[in-house]
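Encoded as structure tokens, the structure appears first; notes follow it.
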Amino acid sequence: MAKNGTEYEPTFTDDDDEESEELQDWNDWDAKEEEEEEGLDFLCFFCDSRYSSCDDLFDHCSSTHHFDFRAIRKALGLNFYGSFKLINFVRSQVVENRCWSCGLTCQSNQDLQNHLHETVNFKDITPLWDSDEYLKPFLQDDSVLYSFGEYEEREDDYTAVVDKEELMSDLRHFEEICIDHDIHVEKIAIDFDTSYESGKSNVASSSNGYSNNEGSPGKVTINGMDSGEHVESAGRKTKENKLRAYIPNHGSKDVKNINDDYFGAYSSFGIHREMISDKVRMDAYRQAILKNPSLLKSAVVMDVGCGTGILSLFAAQAGASKVIAVEASEKMAAVATQIAKDNGLLWSKSPGDITNHGTGVIEVVQGMVEELDKSRLIQPHSVDVLVSEWMGYCLLYETMLSSVLFARDQWLKPGGAILPDTATIFVAGFGKGATSLPFWENVYGFNMSCVGKELFEGASKIPFVDSVDDHGLVTSAAVLQSFDLVTMKPDEVDFTANVELEPNLGGAAGSLTDLKSETTWCFGVVLWFETGFTSRFCKEMPAVLSTSPYTPKTHWLQTILTFKEPIAVTSGKSNIDKSAAVGTEACPAVRIPLRISIARASQHRNIDISLETAGVDPHGRKRNWPVQIFNLG
């Protein structure tokens, strides 16, 4: 998440001013370490010894305590997150005088040091620290956590270099909590800086210069602007029926109030007009519901998050025998009720009517779907068709998919239908033509490219939601992740995927393309999604809802992740300078391997995105760039 619009600019002064140091980025961390050479910032995992560098610390642990951190990383192929967990796991075991590898508990720390031994098979103990609880720093201000990436021994490994000050600031404020899923509204303290008024975007100017489009509520960088406030939702279910999450320790509102704010934001009619005016969205749902009579005729339908009730109206029009329209916003539930009534489709129980039959088929239920079993007598597994428009930016923002899966498991009949029933996230690389850089290169004949460069540096810290033209793409598109809503488990919403992008210079109009060498620049990646109403349920007429740059624009637009530096790519066999770094103009890459993780953030309904990028030249040489972490929220 953007830190209130603050950008961390590189600084090249020797000024010791504390405030200036906080603005230094990782490129200056080496200089800062030299200034603090006399400081012993790196505490041993097993004893009280301190060292001035990770290198010295790791040498000590290997020779004295039989703990070879670098060898373990190499043997297990641990990435940044796996290594981060290992460090916290070891520290948590040592404080209990427990051997990190065999689990033996000793009487004292000295006994533990005497016991420590070589590990025969690292893979046998890997599961011990493979838990998200070890993503929380065990030791406050643990310098090792933010420095070990410097000492990576293999060029082919992804080296995760992070901004120490920024990550330390974020993580030190986190505390671990457990939410019991049986209690659907657990009170959690969360802080809000400002309130979200009537669903209207409270935007601040962005350096990107994009115009603002109204969209889903919540604090999101839309077309270069921050919109609204982030919110929290009810707990999420895991295999153990518990959720481990990290919540910033600076809160004052509980989950119920936060959800009230979130759903209250959807009281804005402007938001609903935008969604109903989205022709791609409406055509896909209308086709799936109205053009598949064998699915909807006489069916019991549940509409999760009905809003104005438009999908419920379609279902009633298609011949459903009963439509349960669920809406958490009190205002919109009342609006949906009135709309159904005005159209003669509202189910209403007459006085003394014990048969529960009314004049229409739509019953609007106000409340969160997770709480319906407490307030309404809806029989489990009694719904034939579950319909919902749950998608957010980058598909998963707002995390409403968890609510749909909850409704599926609670009320959908075995073999019942879900509309849509599939969802897929795609990724492709974009070029200069998809950025604001060309604008600043010629402003009434004057070169203002320095502005564009500064904007580009700032964009590498914030995910942007904007429209990208297909001509701005410079690589092939790849499937990042696919979901089957019929079979997926709730915890599969969080994922990590590896993909590889190849240059596609035919679509790179407007980018810096050198036709002689067939070289251009990739400035970042674009994410979009498609949802499918497949022939599994829509047998007469399947449908697809696409937010692709290649199809008409939707209100979801696309999600843009900008690299810290552009990567030169080529699709031809250019003359390569083997002494040059991969991804430069002298040695362009022919492939861009990506490792992307998307997970629900500590702020409910937000998502965290981590991006690990590499480049491979025609001779197979590989270069890795530092991991980037984005918060969409």
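Note that the structure is a prediction, hence the values are computed from the model and not measured.
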Count the heavy atoms belonging to other residues, nucleotides or ligands that lie under 6.0 Å from CZ of R273, then report whether that count exceeds 12. no

Main-chain N/O of G307 paired with E327 side-chain donor or acceptor, under 3.5 Å: yes

Criterion side-chain contact (heavy atoms from CB on, under 4.5 Å) on S403 and M368, from CA distance to verdict: CA-CA 8 Å; S403 297; M368 293 178 58; 5.7 Å; no

Residues P549 and Q558: closest non-hydrogen pair is N-NE2, 3.7 Å

Using side chain to side chain donor-acceptor pair (under 3.5 Å) as the criterion, list what pairs up with R408, not counting sequence neighbours. none

Please check: side-chain N/O of E502 versus main-chain N/O of V590, any donor-acceptor pairing under 3.5 Å? no

Of I425, V465, V427, which meets side-chain contact (heavy atoms from CB on, under 4.5 Å) against T559? V465

Report the residues that fulfil salt bridge (charged side-chain N to carboxylate O under 4.0 Å, His left out) with D469, sequence neighbours left out, ordered by chain and then residue number. none

Side-chain atoms of residues 525-532: list all donor-acceptor pairs with protein atoms under 3.5 Å, sequence neighbours left out, distances to 0.1 Å.
{"residue": "E530", "atom": "OE2", "partner": "S546", "partner atom": "OG", "Å": "3.2"}

With sequence neighbours excluded, residues passing side chain to side chain donor-acceptor pair (under 3.5 Å) with K341: none

Determine yes or no for a side-chain-to-main-chain donor-acceptor pair under 3.5 angstrom, with S321 supplying the side chain and A299 the backbone. yes

Given 3.5 Å as the limit, does a donor-acceptor pair link the side chain of N292 with the main chain of E540, or not? yes

Could you walk me through whether E500 and V616 pass the side-chain contact (heavy atoms from CB on, under 4.5 Å) check? CA-CA 10 Å; E500 197 167 85; V616 180; 5.6 Å; no

Heavy-atom donor-acceptor pair, D384 side chain to V300 backbone, under 3.5 Å: yes

Which pairs count as ring pair (Phe, Tyr, Trp, His ring centres under 6.0 Å) when at least one residue sits in residues 277-296, sequence neighbours excluded? Y285-F533

Nearest heavy-atom contact between G429 and C522 is CA-SG, 3.8 Å

Atom CG in L611, atom CZ in R595: separation rounded to 0.5 Å? 11.5 Å

Measuring from atom CH2 of W521 to atom OG1 of T435, what distance do you get when rounded to the nearest 0.5 angstrom? 13.5 Å

Minimum-distance pair of heavy atoms, taken over all atoms of L296 and A315: CD1-CB, 4.3 Å

W411 backbone acceptor or donor facing H381 side chain under 3.5 Å: no

Ring pair (Phe, Tyr, Trp, His ring centres under 6.0 Å): which pairs involve residues 474-502, sequence neighbours left out? F483-F495

One should read off an interatomic distance between N631 CG and D608 CG, to the nearest 0.5 angstrom, of 5.0 Å

Go through the steps to decide whether L396 and I598 satisfy the test side-chain contact (heavy atoms from CB on, under 4.5 Å), and finish with yes or no. CA-CA 9 Å; L396 298 175; I598 299 181; 4.0 Å; yes

Within the side chain of R281, is there an N or O that forms a donor-acceptor pair under 3.5 Å with the backbone of M275? yes

When you measure from the side chain of Q628 to the backbone N and O of T562, does any donor-acceptor pair fall under 3.5 Å? yes

Value for CG (D303) from OG (S388), rounded to nearest 0.5 Å, stands at 6.5 Å

Spatial distance of atom CE (M332) from atom NE2 (H272) [nearest 0.5 Å]: 3.5 Å

Which pair of heavy atoms, one from A589 and one from G615, lies closest together, and at what distance? CB-CA, 4.1 Å

Got a donor-acceptor contact below 3.5 angstrom from the D494 side chain to the R600 backbone? yes

How many angstroms lie between CD in Q366 and CG in L372, if you round to the nearest 0.5 Å? 10.0 Å

